[in-house]
Amino acid sequence: MQQPPVGSHAPVPWATPPRGELDRYVGARATDSYVEVGGLLSQFHAASPVRAIAEGILADSHRPCSSILPLFSALANESSSHWREQVVAAWALARVPLEPQERDAAAGMLLDTVERDEDETLWERFLRGLLWGYGVMLPLCLIGSLLIGRAGDNVEWADVFPQMLFVMGSLACGLSVPVCLVLGRFRNIHNDLLRAASAESLGRLHVVESIGPLAAKLFDPSATVREAAAFALMEILPRLTDADYGSIDHRSMTRLAEALSHPNTLLVFKILEALRKVGSGSALPVVERVAREGKTRQLQETARDVAAVLEDRRLREREARHLMRPTSGPAQATNNLMRAVEFTDPEPTLQTVRSGDAPPTEWL
């Protein structure tokens, strides 16, 4: 049986364990989320306020009057050792009642987290391992070469130091490089979980300002982040209305138009419907390409309809720009007008010019 496209529907609700018994579900995956919250909570301290809030959400016993400040504090803590608290806080912010100011603060922090790009490539981790290996051995080899130079006859420390650093540094790199590769890999996984939880929460909170960053994350190297971003856009885009036209900036509109090349056809349909409501003329070339190269006939027809709407908007945008542009300043035009000189008696002036005398001072 053919599987539905990734991110095309919301995950089904998870049968939550009883309060205080999450340790039995360490390997369980919360299917209402793209983050394994049960496994993370089992590693929390028993007195952690973030764990108490998350357990209340899972057990459906969280009270609206309870304080949610620990969630904001945990998400603001950028220490790598508190990554579990960050992930659970990002997951929980979309599942607790929020006041308007709290919702706005949560949206801003989640947006910063989604746009965080701290993943290290394999080459960067390898270079870090080399730096640690040779960096640790540098002072040791310097001290050793100085001692050998003092003790030996006709031996210069400058001759011994490079050889010792090469040998000792190479041996140290044999340990530091694999360690940095492994630690960097785990750090990337933790960062991906945090970005996925933040993207999912942005979708559940229906943050319109996150459309651009989420569209960019549709092509993220992490599969978890891609799935969470697709789910979030599925939640936000259908809620857009014609009144939202003009509320999306140019950069976000460009990213949303580029997302039309995503392999999820259902998501492409959702993006086209959103562009019909809030799209600007800048998205017209990409929509026209989908109208020509769409995977299905219905997709091509939908893209043609959207292209006609965007073409009309582009013409109106051009007309508005031309009508609002002044040709010249009114004050400048008034100052440049030429005025005729008034003469009280024109006859003497004409006679003076004919006789070759100097013109009157009013002419100068």
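Hydrogens, waters and symmetry mates play no part in the numbers below; they use all other heavy atoms, side chains included.
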| request: Decide side chain to side chain contact (heavy atoms under 4.5 Å, CB included) for V88 and F44; before the verdict, give the C-alpha distance in whole Å, the side-chain angles of both, and the deciding distance to 0.1 Å. | output: CA-CA 10 Å; V88 175; F44 276 39; 3.7 Å; yes

| said: Quick check for you: to the nearest 0.5 Å, what is the distance between I248 atom CD1 and L256 atom CG? | reply: 6.5 Å

| query | Do the non-hydrogen side-chain atoms of W83 and N191 ever get within less than 4.5 Å of each other? | reply | no

| For residues 98-113, which residue pairs qualify under side chain to side chain donor-acceptor pair (under 3.5 Å), counting only residues two or more places apart or in two chains? | none

| field | Residue pair V87 / A197: nearest heavy atoms and the distance that separates them | value | O-CB, 3.8 Å

| task | Would you check if the side chain of R204 reaches a backbone N or O of A94 as a donor-acceptor pair within less than 3.5 Å? | result | no

| query | Does the side chain of L260 come within less than 4.5 Å of L275's, by heavy atoms? | reply | yes

| request: To the nearest 0.5 angstrom, please state how far the CZ atom of R187 sits from the CZ atom of R125. | output: 9.0 Å

| said: Do V177 and F126 make a side-chain contact, defined as non-hydrogen atoms from C-beta onward lying under 4.5 Å apart? | reply: yes

| field | Separation between CG of L110 and CG of L202, rounded to the nearest 0.5 Å | value | 5.0 Å

| task | May I ask you to check whether over 12 heavy atoms, not counting those of F166, lie within 6.0 Å of atom CZ? | result | no

| query | Which atom pair, heavy atoms only, marks the closest approach of I68 to P97? | reply | CD1-O, 4.1 Å

| Given side chains that start at C-beta, do those of K295 and V268 come closer than 4.5 Å, heavy atoms only? | no

| Within one Ile-Leu-Val-Met-Phe-Trp-Tyr cluster: V179 and V182, side-chain cutoff 4.5 Å | no

| message | Do L41 and L58 have side chains that approach each other closer than 4.5 Å (heavy atoms only, starting at C-beta)? | response | yes

| query | Out of curiosity, L71 CG to I57 CD1, how far, rounded to the nearest 0.5 Å? | reply | 6.5 Å

| Hey, is the main chain of G212 close enough, under 3.5 Å, to the side chain of R251 for a donor-acceptor pair? | no

| query | Got a donor-acceptor contact below 3.5 angstrom from the S261 side chain to the E258 backbone? | reply | yes

| query | When rounded to the nearest 0.5 angstrom, what is the spacing between OG in S198 and NZ in K217? | reply | 11.0 Å

| query | Do the side chains of L140 and M168 join up, straight or via other hydrophobic residues, at under 4.5 Å, putting them in one cluster? | reply | yes

| Are I236 and F219 grouped together when hydrophobic residues (ILVMFWY) are joined by side-chain heavy atoms under 4.5 angstrom apart? | yes

| Taking the side chain as C-beta and beyond, is there a heavy-atom pair between L266 and M234 under 4.5 Å? | yes

| field | Chi angles and distances behind the side chain to side chain contact (heavy atoms under 4.5 Å, CB included) call for W157, I143 | value | CA-CA 9 Å; W157 72 272; I143 296 174; over 6 Å; no

| message | side chain to side chain contact (heavy atoms under 4.5 Å, CB included) for T302 and Q298? Distances and angles first, verdict last. | response | CA-CA 6 Å; T302 304; Q298 184 177 359; 4.3 Å; yes

| Taking all non-hydrogen atoms of both residues, which atom of C180 and which atom of W132 are closest, and how far apart? | SG-CD1, 3.9 Å

| said: Tell me if the CD atom of E311 is crowded by more than 12 foreign heavy atoms within 6.0 Å. | reply: yes

| So how far is it from L146 CG to C141 SG, rounded to the nearest 0.5 Å? | 11.0 Å

| task | Sorted by first residue and then second, give each side chain to side chain donor-acceptor pair (under 3.5 Å) pair with at least one member in residues 272-293; sequence neighbours left out. | result | E273-R276, S280-S282

| request: Look only at the side chain of R313 and the backbone of G281, and say whether a donor-acceptor pair between them is shorter than 3.5 Å. | output: no

| message | Less than 4.5 Å apart, side chain to side chain, heavy atoms only: is that true for L218 and L233? | response | yes

| said: If we ignore hydrogens and angles and just use 3.5 Å, is the side chain of E200 paired with the main-chain N or O of A228 as donor and acceptor? | reply: no

| query | Looking at R195 and V114, what are the two nearest heavy atoms and their distance? | reply | CD-O, 3.7 Å

| task | Report yes if some heavy atom in the side chain of L237 is under 4.5 Å from a heavy atom in the side chain of L240; otherwise report no. | result | yes

| query | Within the distance-only criterion (no hydrogens, no angle test), does the side chain of D249 pair as donor or acceptor with the backbone N or O of S252 below 3.5 angstrom? | reply | yes

| query | Shortest non-hydrogen contact from P238 to K270? | reply | CG-CD, 4.3 Å

| message | Looking at every non-hydrogen atom in both residues, tell me the closest pair between L205 and L93 and how far apart they are. | response | CD2-O, 4.2 Å

| task | Tell me, with the steps shown, if S170 and Y134 meet side chain to side chain contact (heavy atoms under 4.5 Å, CB included). | result | CA-CA 7 Å; S170 299; Y134 284 100; 3.2 Å; yes

| Would L127 end up clustered with L122 when hydrophobic side chains under 4.5 Å apart are linked, directly or stepwise? | yes

| said: Is there a path of hydrophobic side-chain contacts, each under 4.5 Å between heavy atoms of I/L/V/M/F/W/Y residues, joining L272 to V309? | reply: no

